[in-house]
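Just so it is clear: chains get the letters A, B, ... in the order the sequence lines come, proteins before strands, and each one is counted from 1.
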Amino acid sequence: MGKKVRVRFAPSPTGYLHIGGARTALFNYLFARRNGGVFILRIEDTDVERSSKELSDVIIEDLKWLGMDFDEGPIYQSERLEIYRNVAEKLVEEGKAYRCFCNKEELERKREEARKKGVPYKYDGTCRNLTEDEIKRNLRENKPYAIRFKVPQEGIIRFKDVVQKKIEVKCSELEDFVLLRSDGYPTYHLSCVVDDSEMGITHVIRGADHISNTPKQILLYRALGRDIPKFAHIPLILGPDRTRLSKRHGATAVSKYREDGFLPEAFAYFLALMGWSPRTNKKILTMDEMIELFDLKDVVKTNAMFDLKKLEWINGKFISSLPPERLLPDVVNVLKKYNLFREEFLGEKRDWFLKGIDLLKIRYRRIEDFATLGRAYFSDDFSYSEEGIEKYFKKDDALMDALVEILNEYSLLDELDLEMSEKILRSVAEKYGVKSGDLIGAIRVMLTGHVVAPGIFDVIEFLGKDRVLKRLQRGIQFLKSYGKE
RNA sequence: GUCCCCAUCGUCUAGCCUGGCCUAGGACACCGGCCUUUCACGCCGGCAACAGGGGUUCAAAUCCCCUUGGGGACGCCA
């Protein structure tokens, strides 16, 4: 029996939650839930300059939107500074780390030099072998210092990544990396290792960009005498140009997709599909189903490219399959955004509103579509599409007569329902020798503004007698003056 | 440049570990067709890949080596 699984998502609040981070969080979350483990949120805000509380709040909000709730945390590293300092000092006492008095300018110069020469830069170890006296003098002079880890000169670090292959790096490739900066703040390596081990993290699931950090951290675990967790480095997400997805590829913030009308269920599933193979014939999976199926063994090694088309397809699938009640709040929001919302949609017309969502959802891929493509269903203020006019507004006497007769017949009815509206239309079409398709097409554009719509009789029933008559009148007027010859 | 990792349709991937069932499967996208009052949905069909070269073997997408290509890391950022 292994230990209880404990994983963490550890973003640094120097920007919004981006797609890559969200997916890392998701894999951690799925893994934790699948194994009855604990999912912890840790905020790595040790870079005071760039971190902010606002940003970490937004990240938490985005995680929750995606349906990921954490069991412990958020733990802020900025509140644990004392711990890291103590560990660093202890390492110095034990001779496993040392004070480095080199100043930044000096180091920058050496790095620059190395770059010019085209040789790989590595800290030269100037302060590694300082004598006791030199150290004392520096200290007495109050020279600022950083603490560096003393990397063994020889040996090979090997680890078996859960996702990748066996990875091995020679110690000679590693430099004496900084643990504690001269301002007293820990670097990533220190705070990460200290926290992971103190929090009892069993599996470190993170982006493949961290692979090269792992050997250093393993060394640190050893120096500290702590258990080394399992590592799972998941492949990166690439933009269309095959480089790591970043701001310049456009929208990378999760919040942007939320605003653009993507459903959290859809977005999470899409994220999971980049780098994970659920091995099932099911096309769409909910979060619970993903949890059921998730296994790190099914995480692939190759980087994935972000494919918006697929996201949209998945989103469309979710929109189609979700009950209108679930879609309602999102549709309300987007209608508000477009100034199409009316209070009665949530009041006396709620059922009618739900019916509308249900009618439309199967052909929409974004929530936004309810307000754009679906404008005519919720507002009387809409125009006819070019395509609609072109295709169905033909000047034709028989068509015109039929339209007028339909208008009359409809107005005689108490209520326009699905059956009656169709019965009347079909008989009028026959009477005037007009193809019912042409008649329906023209009416569709008059009622909805588009050539694309749900079944016309559904639309008629949904809009109701009053609106149908008004729109028909308006349409007939329009046809008289602007119809195509 | 140095080190590390990766390599199947345009894209996401199955198959690779434990060679033969692979004339390489699925999905998105794309293109046809059916259904239909339109579109969408749905259904049917099509296009399309083992990066290249050497081995090993009776047999290689699967194992080994090289080349090429791609990505990542080389900070007192995380």
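- Across the P atoms, B/C12 and B/A29 are found 15 Å apart, a figure rounded to whole Å.
- Side-chain atoms of A/Tyr185 and A/Asp47 form no donor-acceptor pair, as typed in the model, at a separation below 3.5 Å.
- The side chain of A/Lys317 lies closest to B/G42, out of B/C6, B/G42, B/A78.
- Across all strands, A/Ser182 comes closer than 4.0 Å to base atoms (heavy-atom distances).
- As rounded to the nearest Å, B/G25 and B/U68 have C1' atoms that lie 28 Å from one another.
- Looking at heavy-atom distances under 4.0 Å, A/Cys102 makes contact with a base.
- Counting only heavy atoms from C-beta on, A/Asp307 has its side chain closest to B/U11 among B/G71, B/U11, B/C5.
- Note on A/Ser320: every side-chain N or O is 4.0 Å or more away from OP1 and OP2 of B/A40.
- Rounding to whole angstrom units, CZ of residue A/Phe159 and P of B/C4 are separated by 12 Å.
- Across all strands, A/Leu107 comes closer than 4.0 Å to base atoms (heavy-atom distances).
- The residue A/Pro186 sits close only to the backbone: its heavy atoms come under 4.0 Å of sugar-phosphate atoms, none of a base.
- Of the candidate nucleotides B/A40, B/A78, B/A27, B/A40 has the atom nearest to the side chain of A/Ile362.
- Atom CG in A/Asn303 sits about 9 Å away from atom P in B/U13, given to the nearest Å.
- Closest approach to the A/His210 side chain among B/U11, B/U38, B/A78 is made by B/A78 (side chain taken as heavy atoms from C-beta onward).
- No contact: A/Lys361 has no heavy atom under 4.0 Å from any strand.
- Using a 4.0 Å heavy-atom cutoff across all strands shown, A/Ser191 reaches no nucleic acid atom at all.
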Check the pair A/Lys423, A/Glu419 against salt bridge (charged side-chain N to carboxylate O under 4.0 Å, His left out), reporting the backbone distance first and the verdict last.
-> CA-CA 6 Å; A/Lys423 203 172 156 194; A/Glu419 258 174 65; over 6 Å; no
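- Between the side chains of A/Arg42 and A/Ser191, not a single donor N or O lies within less than 3.5 Å of an accepting N or O.
- For A/Arg244, a side-chain nitrogen or oxygen approaches OP1 or OP2 of B/A73 to under 4.0 Å.
- Candidate nucleotides B/C76, B/U38, B/U11 were compared by shortest atom distance to the side chain of A/Arg444, and B/U38 ranks first.
- Nucleic acid contact class of A/Lys391 (heavy atoms, under 4.0 Å, all strands): none.
- OP1 or OP2 of B/U13 has not a single side-chain nitrogen or oxygen of A/Arg279 nearer than 4.0 Å.
- Base pairing annotation: B/C74 forms a Watson-Crick or G-U wobble pair with B/G1, both donor-acceptor distances under 3.5 Å.
- Using C1' as the reference atom, B/G55 and B/A60 are 12 Å apart when rounded to the nearest Å.
- Across B/G19 and B/C64, the matching P atoms stand 12 Å from one another, rounded to whole Å.
- When the nucleotides B/A78, B/C39, B/U37 are ranked by their closest atom to the side chain of A/Ser12, B/A78 comes out on top.
- Distances were taken from every side-chain heavy atom of A/Trp313 (C-beta onward) to each of B/C76, B/A78, B/A29; the shortest belongs to B/A29.
- Nucleic acid contact class of A/Gly316 (heavy atoms, under 4.0 Å, all strands): none.
- Salt-bridge formation is not detected for the pair A/Arg109/A/Glu106: no Lys NZ or Arg NE/NH1/NH2 atom is positioned less than 4.0 Å from an Asp or Glu carboxylate oxygen.
- Across B/C76, B/A27, B/C12, the shortest atom-to-atom separation from the side chain of A/Arg242 is found for B/C12.
- Residue A/Ile456 is in base contact, counting any heavy-atom pair closer than 4.0 Å across all strands shown.
- For the OP1/OP2 pair of B/A78 and a distance below 4.0 Å, the side-chain nitrogens and oxygens of A/Arg181 include at least one atom meeting the criterion.
- The side chain of A/Lys301 places an N or O atom within less than 4.0 Å of a non-bridging phosphate oxygen (OP1 or OP2) of B/C6.
- The distance from atom CZ of A/Arg111 to atom C1' of B/G75 is 5 Å, rounded to the nearest whole Å.
- Between B/C76 and A/Arg148, a contact under 4.0 Å exists linking OP1 or OP2 to a side-chain N or O.
- Salt bridge status for A/Asp369 with A/Arg363: absent, with no side-chain N to carboxylate O gap under 4.0 Å.
- Regarding contacts with the backbone of B/A29, a side-chain N or O of A/Arg365 is found under 4.0 angstrom from either OP1 or OP2.
- Rounded to a whole angstrom, the distance from the P atom of B/A61 to that of B/C16 is 14 Å.
- The partner of B/G20 is B/C58, by the rule that a Watson-Crick or G-U pair needs both atom distances under 3.5 Å.
- Between A/Arg99 and A/Glu89 there is a salt bridge, since a side-chain N of the basic residue sits under 4.0 Å from a carboxylate O of the acidic one.
- A salt bridge is defined here as a Lys NZ or Arg NE, NH1 or NH2 lying under 4.0 Å from an Asp or Glu carboxylate O, and A/Arg128 with A/Asp124 fails to meet this definition.
- Atom C1' of nucleotide B/C76 and atom NZ of A/Lys216 are separated by 12 Å, given to the nearest angstrom.
- For A/Thr46, whose side chain is taken as the heavy atoms from C-beta onward, the closest listed nucleotide among B/C5, B/A78, B/C76 is B/A78.
- Contacts of A/Tyr121 with the nucleic acid, taken as non-hydrogen atoms under 4.0 Å apart, involve only primed sugar atoms and P, OP1 or OP2.
- Distance CD1 (A/Ile167) to C1' (B/G72): 11 Å, rounded to an integer number of Å.
- In this entry the distance linking CD of A/Glu168 with P of B/C6 reads 12 Å, nearest Å.
- Side-chain atoms of A/Lys391 never come within 3.5 Å of backbone atoms of A/Gly441 as a donor-acceptor pair (strictly under, hydrogens ignored).
- When both distances must be under 3.5 Å, the Watson-Crick or G-U wobble mate of B/G45 is B/C31.
- Using N1 to N3 plus N6-O4 or O6-N4 for Watson-Crick, or N1-O2 and O6-N3 for G-U wobble, each under 3.5 Å, B/A7 pairs with B/U68.
- Base engagement by A/Pro454 is indicated by at least one non-hydrogen atom pair under 4.0 Å involving a base atom.
- Across all strands, A/Val300 comes closer than 4.0 Å only to sugar-phosphate atoms, never to a base (heavy-atom distances).
- Rounded to an integer number of Å, the gap from A/Met446 CE to B/U38 P is 18 Å.
- Atom NZ of A/Lys170 is separated from atom P of B/C5 by 10 Å (rounded to the nearest Å).
- Cation-pi geometry between A/Arg375 and A/Phe382 is not satisfied (NZ or CZ under 6.0 Å from the ring centre, within 45° of the ring normal).
- Of the candidate nucleotides B/A14, B/C5, B/A78, B/A78 has the atom lying nearest to any side-chain atom of A/Asn213.
- In this structure, the side chain of A/Arg148 engages the main chain of A/Asp176 through a donor-acceptor pair within 3.5 Å.
- Residue contacts for A/Ala304: at a heavy-atom cut-off of 4.0 Å it reaches the sugar-phosphate backbone alone, with no base atom in range.
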